[in-house]
Amino acid sequence: MAKVKSPAECVCKQDIRTAIDALDEELLEIFVRRQGYVRRMAQLKQHPDEAFDGERIETMVASIKDRAEALGLEGEQVEEVWRTLIAWNVAYEKRTIAERLAAPGAEETKVAD
């Protein structure tokens with residue numbers, strides 16, 4: 001990422017927009033990396049019902065919310081973002097697994113956790 005000004009160094013709206021745009025680009029790259037793991041998880045899971053693990057989700061969201069608040073962010077906002085991200089990931093996994101199982105000649109193979 002190119003050097004961007006800190007919030008305190010920003011003297012105009014364009015400085016802030018430039019910094020936010022740079023951060024958004026970094027976030028996209030991180031989401032791409034994260035999605036790679038979601039794709040791999042969908043390959044390893046054997047049934048669409050495995051895509052939703054309520055206990056894991058609640059534990060993860062609580063941990064992220066606590067960490068966000070410790071960093072000075074609004075926990076509810078972070079929780080909403082993560083729940084949306086998780087919902088998209090669960091839907092992707094369910095759809096991908098179902099498509100794989102419905103494919104002609106699809107054979108279920110047991111993959112270790």
Side-chain angles (χ1 to χ4, degrees):
M1 178 179 107
K3 172 78 170 98
V4 296
K5 295 178 180 180
S6 70
E9 295 171 322
C10 294
V11 296
C12 64
K13 290 185 279 186
Q14 189 54 50
D15 288 346
I16 295 168
R17 289 178 180 139
T18 298
I20 288 174
D21 289 348
L23 289 170
D24 286 348
E25 187 61 33
E26 282 186 58
L27 285 171
L28 282 173
E29 291 171 11
I30 290 169
F31 283 135
V32 167
R33 287 183 21 221
R34 189 180 194 285
Q35 185 64 21
Y37 291 100
V38 172
R39 286 186 185 111
R40 182 62 181 143
M41 186 65 85
Q43 292 170 347
L44 296 175
K45 291 180 179 178
Q46 299 299 306
H47 191 277
D49 289 345
E50 290 181 73
F52 181 83
D53 181 343
E55 185 176 328
R56 161 85 173 133
I57 291 168
E58 293 309 313
T59 299
M60 191 171 106
V61 168
S63 176
I64 288 170
K65 184 178 177 182
D66 289 346
R67 178 76 174 126
E69 289 172 347
L71 292 169
L73 295 171
E74 294 180 18
E76 290 78 21
Q77 184 181 40
V78 171
E79 179 178 357
E80 185 175 337
V81 169
W82 251 261
R83 286 193 185 280
T84 299
L85 178 62
I86 291 166
W88 289 337
N89 292 161
V90 167
Y92 171 84
E93 285 184 17
K94 283 183 176 187
R95 182 177 66 251
T96 300
I97 296 164
E99 289 170 358
R100 183 182 73 230
L101 295 176
E107 295 181 26
E108 291 190 46
T109 57
K110 184 70 178 161
V111 178
D113 286 332

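What you see below is based on every heavy atom in this structure, not just the backbone, and it leaves out hydrogens, waters and symmetry mates.
- When all heavy atoms are compared, the tightest approach of Val4 to Ala22 is CG1-CB, 3.8 Å.
- Taken to the nearest 0.5 Å, the CG atom of Asp21 stands 12.0 Å off from the CD1 atom of Ile16.
- The line from CE of Met60 to NZ of Lys65 is 14.5 Å long, rounded to the nearest 0.5 Å.
- In this structure, CD1 on Ile64 lies 10.0 Å from CZ on Arg83, to the nearest 0.5 angstrom.
- Here the closest heavy-atom approach between residue Gln43 and residue Arg40 is recorded as OE1-NH1, 2.9 Å.
- Interatomic distance, Asn89 CG to Ile57 CD1, rounded to the nearest 0.5 Å: 9.5 Å.
- Side chains of Cys10 and Thr18 form no contact here, defined as non-hydrogen atoms less than 4.5 Å apart.
- Formation of a donor-acceptor pair under 3.5 Å by the Glu58 side chain with backbone atoms of Arg56 is not found in this model.
- Hydrophobic clustering (side-chain heavy atoms under 4.5 Å, transitive across Ile, Leu, Val, Met, Phe, Trp, Tyr) groups Val81 together with Leu85.
- Atom CD of Glu74 sits in a sparse spot, with 12 or fewer heavy atoms from other residues, nucleotides or ligands closer than 6.0 Å.
- Distance check, rounded to the nearest 0.5 Å: CG of Leu101 to NE2 of His47 gives 7.0 Å.
- Within 6.0 Å of CD on Gln35 lie more than 12 heavy atoms contributed by other residues, nucleotides or ligands.
- With hydrogens and angles ignored, the 3.5 Å screen pairs no side-chain donor or acceptor of Ser63 with any backbone N or O of Thr59.
- Summarising the geometry of Ala51 relative to Val90, their closest heavy-atom pair is O-CG2, 3.4 Å, with the distance given to 0.1 Å.
- Tracing side-chain contacts under 4.5 Å through hydrophobic residues (I, L, V, M, F, W, Y), one never reaches Val38 starting from Phe52; they form parts of separate clusters.
- Other residues, nucleotides and ligands place no more than 12 heavy atoms under 6.0 Å from the CZ atom of Arg67.
- Separating the CD atom in Glu93 from the CD1 atom in Ile86 is a distance of 11.0 Å, to the nearest 0.5 Å.
- Taking a 6.0 Å sphere around CD of Glu9, one finds it holds more than 12 heavy atoms contributed by other residues, nucleotides or ligands.
- In the hydrophobic clustering of ILVMFWY residues, with side-chain heavy atoms under 4.5 Å counting as a link, Ile97 and Trp88 come out apart.
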